[in-house]
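If you're wondering where the values come from, they're calculated on a predicted model, not measured in any experiment.
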Amino acid sequence: MDTRTGLPVVGMVGGGQLARMTHQAAISLGQSLRILAIEPDDGAALVAPDVRIGHHTDLDALRAFADGCDVVTFDHEHVPLEHVKALVADGYTVAPGPGPLRYVQDKRAMRERLGALGVPVPRWAPTIDAAAFGWPVVVKAVRGGYDGRGVWFVDRDDPLPEVEFIVEERVPLRRELAVLVARSPFGQVAVYPVVETVQLGGICVEVLAPAPDLDPARAVEAQRLAIGLADELGVIGLLAVELFETGAGLLVNELAMRPHNSGHWTIEGARTSQFEQHLRAVLDYPLGDTGLTAPAVVMANVLGGEPGGMSIDERLHHLFASDPGVKVHFYGKQVRPGRKIGHVTALGDDMAAVRERARRAAAWLREGGR
């Protein structure tokens, strides 16, 4: 507890854009989120006043960081599970705890657990014998993959990655969907509208909220699935459930237990942002309203472009002049081609028009006048 304000201290392990945006949400709740960053120029470390420098694989650094925090949470899933268990054994409150975290750190454990719960998932196997699914197959690293990393489409004669992996069928899908649900220690849950996510090169480039032309019964099915998983796995905080929509129904693709790229639209597009909701959940506050603030909301990620052309500041000037309603979030990162440096959000009444605005804004910030 902060003795000056009388308000709780939340520590977030990781200094990236998720921590940066969580800090923004913490300000209105009277908190200065404590950040464990690897480098002083990490995105969150540039803006938060309470920053500790240390590595998430260093147990001593984690213990020193957790001291004085009412709860410790994460902006990524890469803290070794044995370290999380050690913090809990030391008496620190960690959300989510090591039980649920296991299933986002280990894809084999996740698939086994979801199968035991009867949750629909792509057919999978622990070895390349899954060629029985038909070539090509999807090979996933058991640990450490994100943003398209650790996933390979492998054909019959292709070399296999030199990591521990599982193998899945290549699902004939209509599109990808995602659902965010928050759960508190009290057991309250709050679920957001189902969104459509658009991937390019393994990276989410667009999120459409709500998912266009989604059958209402299927939307409820997806939300109930997410709520059920949060309860069954004992998640505290946010759970993101990435889904495949197929001709036969929904399949669970991936899970994340933290704020998620599929929820960035909620900063302007929902009555409670995912970042505020995560803080409310881990602090066991009553959860916030998840309703939309506009009939159509589109978030587009801004990727770094090739060198040259206008400066990023000039691009921002031109963008705001051409579309005063678009919202821009930069993450404090240096620009590199293909690197996710920010996102834009557009709101309106017509999904096609809003989508075009978001796409145009993201492209302009990436390419400028080139």
Legend entry - Test item: Val189 and Asp231 side chains (from C-beta on) under 4.5 Å apart, heavy atoms: yes

Inset, instruction - Provide the closest heavy-atom pair for Ala45 versus Pro40 in the form atom of the first, atom of the second, distance. - result: CB-O, 3.3 Å

Inset, instruction - Compare all side-chain heavy atoms of Val354 with those of Leu347 and state whether any distance is below 4.5 angstrom. - result: no

Inset, instruction - Output yes when a side-chain donor or acceptor of Arg280 lies under 3.5 Å from a complementary backbone atom of Pro286, and no otherwise. - result: yes

Inset, instruction - To the nearest 0.5 angstrom, please state how far the OG1 atom of Thr272 sits from the NE2 atom of His278. - result: 15.0 Å

Inset, instruction - Quick one: do Leu29 and Leu7 satisfy side-chain contact (heavy atoms from CB on, under 4.5 Å)? Show the steps, please. - result: CA-CA 9 Å; Leu29 298 179; Leu7 291 165; over 6 Å; no

Inset, instruction - Answer yes or no: are there more than 12 heavy-atom neighbours, outside Phe320 itself, under 6.0 Å from its atom CZ? - result: yes

Inset, instruction - State plainly whether one hydrophobic cluster holds both Ile227 and Met110, where clusters connect Ile, Leu, Val, Met, Phe, Trp and Tyr through side-chain heavy atoms under 4.5 angstrom apart. - result: yes

Inset, instruction - Evaluate the side-chain proximity of Trp364 to His318: yes if any heavy-atom separation is below 4.5 Å, no if none is. - result: yes

Inset, instruction - Using a strict cut-off of less than 4.0 Å between a Lys/Arg side-chain nitrogen and an Asp/Glu carboxylate oxygen, indicate whether Lys327 and Glu268 qualify as a salt bridge. - result: no

Legend entry - Any side-chain donor near an acceptor of the partner, Lys340 and Gln17, under 3.5 Å: no

Legend entry - Common cluster, Val179/Leu117, ILVMFWY with side-chain heavy-atom separation under 4.5 Å: yes

Legend entry - Smallest separation among heavy atoms of Met351 and Pro212, with atom names: CG-CG, 4.0 Å

Legend entry - Check: Met299 and Val297 side chains under 4.5 Å, non-hydrogen atoms: no

Inset, instruction - Supply the atom-to-atom distance Asn301 CG to His343 NE2, rounded to the nearest 0.5 angstrom. - result: 8.0 Å

Legend entry - Distance (rounded to the nearest 0.5 Å) between Leu287 CG and Gln188 CD: 4.0 Å

Inset, instruction - Carefully, step by step, assess Glu276 and Thr22 under the rule side-chain contact (heavy atoms from CB on, under 4.5 Å). - result: CA-CA 7 Å; Glu276 179 181 334; Thr22 304; over 6 Å; no

Legend entry - Where Phe74 and Met12 come nearest, the two heavy atoms and their spacing: O-CE, 3.6 Å

Legend entry - Pairing of Arg258 and Asp75 as salt bridge, 4.0 angstrom limit: no

Inset, instruction - With the side chain counted from C-beta on, respond yes when Leu208 and Glu206 share a heavy-atom pair under 4.5 Å apart, and no when they do not. - result: yes

Inset, instruction - Please check if the side chain of Arg271 supplies one atom and the backbone of Gly288 the other of a donor-acceptor pair under 3.5 Å. - result: no

Legend entry - salt bridge (Lys or Arg N to Asp or Glu O under 4.0 Å) assessment of Glu306 paired with Arg336: CA-CA 7 Å; Glu306 297 297 330; Arg336 292 202 300 263; over 6 Å; no

Inset, instruction - Could you tell me which non-hydrogen atom of Cys69 sits nearest to which non-hydrogen atom of Arg34, and how far apart they are? - result: SG-NH1, 3.6 Å

Inset, instruction - Verify, without hydrogens or angle tests, whether Arg183 (side chain) and Val235 (backbone) share a donor-acceptor contact under 3.5 angstrom. - result: yes

Legend entry - Sidechain-backbone polar pair: Asp42 side chain, Glu39 backbone, donor-acceptor under 3.5 Å: yes

Legend entry - Hydrophobic cluster membership, Val119 vs Leu173, 4.5 Å side-chain cutoff: no

Legend entry - Backbone N/O of Leu180 and side chain of His260: donor-acceptor pair under 3.5 Å: no

Inset, instruction - Check step by step if side-chain contact (heavy atoms from CB on, under 4.5 Å) holds for Arg360 and Asp323. - result: CA-CA 10 Å; Arg360 186 172 62 245; Asp323 190 344; 4.3 Å; yes

Legend entry - Heavy-atom pair with the smallest gap, counting every atom of Leu238 and Pro259: CD1-CA, 3.7 Å

Legend entry - NZ/NE/NH1/NH2 to OD/OE distance under 4.0 Å, Glu164 and Arg108: yes

Inset, instruction - Using atom types as modelled and distance alone, determine if a side-chain donor or acceptor of Arg102 lies under 3.5 Å from a backbone N or O of Leu81. - result: no

Inset, instruction - Decide if atom CG of Asp155 counts as having more than 12 heavy atoms of other residues, nucleotides or ligands within a radius under 6.0 Å. - result: yes

Inset, instruction - With the side chain counted from C-beta on, respond yes when Val326 and Leu319 share a heavy-atom pair under 4.5 Å apart, and no when they do not. - result: yes

Inset, instruction - Report yes or no: does Arg20 contribute a side-chain atom to a donor-acceptor pair with the main-chain N or O of Gly43 at less than 3.5 Å? - result: yes

Inset, instruction - Report yes or no: do Val241 and Leu251 belong to one cluster of Ile/Leu/Val/Met/Phe/Trp/Tyr joined by side chain heavy-atom distances under 4.5 Å? - result: no

Inset, instruction - Examine His76 together with His56 and report whether their ring centres are nearer than 6.0 Å. - result: yes

Inset, instruction - State the CD-OH distance between Glu232 and Tyr103, to the nearest 0.5 angstrom. - result: 10.5 Å

Inset, instruction - Verify the neighbour count for atom CD of Glu82: are there more than 12 heavy atoms of other residues, nucleotides or ligands below 6.0 Å? - result: yes

Inset, instruction - Compare all side-chain heavy atoms of His78 with those of Thr57 and state whether any distance is below 4.5 angstrom. - result: no

Inset, instruction - Output yes when a side-chain donor or acceptor of Trp152 lies under 3.5 Å from a complementary backbone atom of Pro161, and no otherwise. - result: no

Legend entry - Rounded distance [0.5 Å steps], CZ in Arg63 versus CG in Asp58: 10.0 Å

Legend entry - Gln199 (side chain) donor-acceptor with Cys204 (main chain) under 3.5 angstrom: yes

Legend entry - Stepwise side-chain contact (heavy atoms from CB on, under 4.5 Å) check, Trp265 with Gln274: CA-CA 9 Å; Trp265 65 273; Gln274 66 162 342; over 6 Å; no

Inset, instruction - Could you tell me whether Glu168 and Arg123 have a side-chain N and a carboxylate O separated by less than 4.0 Å? - result: no

Legend entry - Test item: Thr290 and Val191 side chains (from C-beta on) under 4.5 Å apart, heavy atoms: no

Legend entry - Value rounded to 0.5 Å, distance of CG in Leu87 from CG in Leu62: 5.5 Å

Legend entry - Lys/Arg cation over aromatic Phe153: Arg170, 6.0 Å, 45° cone: yes

Legend entry - Val207 backbone acceptor or donor facing Glu196 side chain under 3.5 Å: no

Legend entry - Cluster check Phe186, Val10: I/L/V/M/F/W/Y, side chain < 4.5 angstrom: no

Inset, instruction - Kindly check if the number of other-residue, nucleotide or ligand heavy atoms within 6.0 Å of CZ (Arg339) is above 12? - result: yes

Legend entry - Output field: ring centroids Phe275/His264 closer than 6.0 Å: yes

Legend entry - Minimum-distance pair of heavy atoms, taken over all atoms of Val9 and Gly68: CB-O, 3.8 Å

Inset, instruction - Answer yes or no: does atom NZ of Lys333 have more than 12 heavy-atom neighbours from other residues, nucleotides or ligands under 6.0 Å? - result: yes

